[in-house]
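Worksheet: one structure, shown below.
None of these values were measured; they are calculated from a predicted model. Chain A is the first sequence line, chain B the second, and so forth, proteins listed ahead of strands; every chain is numbered from 1.
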Number of protein chains: 2
Amino acid sequence: MKRRDLKIDKLPTIRRLPAYLNLLRELSIKGEQTVSSSHLAERMGIEPILVRKDLELTRITGTPRIGYSIQDLIGGIEGFLGLGDTLDAFLIGVGQLGSSLLSNQNLMNLGLRIVAAFDKEPQKSRSEANGIPVFGLERLGELARRINVCLAILCVQPEEAQDVTDILVAAGVKGIWNFTSANLVVPDDVITQNEDLCPALRCCP
Amino acid sequence: MKRRDLKIDKLPTIRRLPAYLNLLRELSIKGEQTVSSSHLAERMGIEPILVRKDLELTRITGTPRIGYSIQDLIGGIEGFLGLGDTLDAFLIGVGQLGSSLLSNQNLMNLGLRIVAAFDKEPQKSRSEANGIPVFGLERLGELARRINVCLAILCVQPEEAQDVTDILVAAGVKGIWNFTSANLVVPDDVITQNEDLCPALRCCP
DNA sequence: TAGATTGTTAATCGATTAACAATC
DNA sequence: TAGATTGTTAATCGATTAACAATC
């Protein structure tokens, strides 16, 4: 069964899967073989039944009284998330946040590879250190078409975000990971994920 | 009516409010006076009725045929989110992501002020540039108690995250904004918001 | 076997959407 | 007035939780 055939719309679950993965890898390193839904639940701060529902999506089944095989789950989640086959991405805007992402090991772990970065002032940008070339913004459209990436990471100024987005969409990019505060307008077949740093500040009285 | 008296549990709405705020400020700068729910909805990529429901929470009412007063909405959302009264926070872990947050203007806009930063190797950390002192991690507990901040921003290595969290919780911190991949275990009266950079990668086939 | 844990089926809860009356 | 837009009330939808049978 291909990923596309599965229900894609279990968004809350999908967002939790990477957290399960982290936890499972940690347990695996500790030498654990199996894990129960209640243990995972406690570590995640959620209910065991929710864990079981989430894991159901990966098609991995557990064993009553034993729990789930950690290796199976790792494989199942990686497979479901499409990790393993690395996903190429562009990064646009090599400012402080952008360069921080360029060197972020987590992205690699998730199977994301930034193949090129773009900036208004490429010579100024502090990257290249990671071996990733930084091009001028004017080359974005051309290279997006040529290299045919489907994911872009947006770290530009909010005012520039929509313009850059339009270029990306025109070039066939299907996913935009938006770190700007701009609300992007995109066609229906393009997915945006906003990571605007807006905490639910109301934790404090 | 104090914020505390309002229903706090409209989480999806609360998470959308900062986005409305950005949009409204933008419109305000353009000289607009009023805005309709359908216009906001289009810009946000959601349904007009959802916008009206969201705005209901701020207690600002609109006018049929006219829409909402942009100034009123800005004030209402700021009031609701408790912006205006600045919230003091600690930042722990002044690596690349940490220093990027230290200089992030967005946080200031949201009324968040980082009053001190901590790092295992404070002398190595590249900050202080922003006038924010960087202390050694060993002083965290003491200073958290003395300065009495209620929010902390966590940018340490995942392995250190739980230890640092325990110190923070013991010192009375009530909100932890977690940028690590660790799953933090905290008491019920402490809120964590995870910003682990885990995109729903599945946008691409 | 007895007991723990999974996985299924049904119930609840909360968020979104729909319908429409109110109103400027 | 006529028409656009709000705000209310009800319906739908989806996610979480509960109950419990299946099973190792």
### Contact under 4.0 Å: B:Arg52 side-chain N or O vs C:dA18 OP1/OP2
no
### Task
Figure out the CD1/P separation between A:Ile66 and C:dG7, and round it to whole Å.
12 Å
### Query
Hey, mind stepping through B:Gln157 and B:Thr180 against side chain to side chain donor-acceptor pair (under 3.5 Å) and telling me if it holds?
CA-CA 7 Å; B:Gln157 295 298 108; B:Thr180 79; over 6 Å; no
### Task
Report the distance from atom CD of A:Glu47 to atom C1' of C:dT5, rounded to the nearest whole Å.
16 Å
### Task
Can you tell me the distance, in whole Å, between the CG atom of A:Asp72 and the P atom of C:dG7?
12 Å
### Query
So, is A:Tyr68 near the phosphate of D:dC24, with a side-chain N or O under 4.0 Å from OP1 or OP2?
no
### Task
Return the value, rounded to whole Å, for the distance between atom CG of B:Asp54 and atom C1' of C:dG14.
14 Å
#### Entry: Residues forming a side chain to side chain donor-acceptor pair (under 3.5 Å) with A:Asp88, sequence neighbours excluded
A:Arg113
### Message
Can you measure A:Ile49 atom CD1 to C:dA10 atom P for me and round it to whole angstrom units?
### Response
14 Å
### Query
D:dT17, D:dT16, C:dA15: which one has an atom nearest the side-chain heavy atoms of A:Pro12?
D:dT16
### Query
In whole Å, what is the span from the NZ atom of A:Lys53 to the P atom of D:dG14?
15 Å
### Message
Is the phosphate of D:dT5 approached by B:Ser37 (side-chain N or O, under 4.0 Å from OP1 or OP2)?
### Response
no
### Message
So, OP1 or OP2 of C:dT16: does either fall under 4.0 Å of a side-chain N or O from B:Arg16?
### Response
yes
### Query
Does CD in B:Gln33 sit with more than 12 non-hydrogen atoms of other residues, nucleotides or ligands closer than 6.0 Å?
no
### Message
I need the CG-P distance between A:Leu55 and C:dT8, as an integer number of Å.
### Response
13 Å
### Query
If you count the non-hydrogen atoms of other residues, nucleotides and ligands that lie under 6.0 Å from CD in B:Glu42, is the total more than 12?
no
#### Entry: Shortest non-hydrogen contact from B:Ala152 toward B:Ile92
CB-CD1, 3.9 Å
### Task
Between A:Ile46 and A:Pro64, name the one whose nearest nucleotide on DNA chain D is closer to the 5' end.
A:Ile46
### Task
Look at the side chain of A:Glu56 and decide which nucleotide, out of C:dT16, D:dT17, C:dT8, has an atom nearest to it.
C:dT8
### Query
Is a side-chain donor-acceptor pair under 3.5 Å present for A:Gln162 with A:Asp166?
yes
## Note on the structure
Each base of DNA chain C marked ( ) or [ ] if paired in-strand (Watson-Crick or G-U under 3.5 Å), | if paired to another strand and . if unpaired gives ..||||||||||||||||||||||
### Message
Please check this pair: side chain of A:Ser99 against backbone of A:Gly95, looking for a donor-acceptor N/O pair closer than 3.5 Å.
### Response
yes
### Length of the CD1-P vector between A:Ile60 and C:dT6, whole Å
14 Å
### Query
At under 4.0 Å between heavy atoms, what does A:Ser38 touch on the DNA or RNA strands: base, sugar-phosphate, or nothing?
nothing
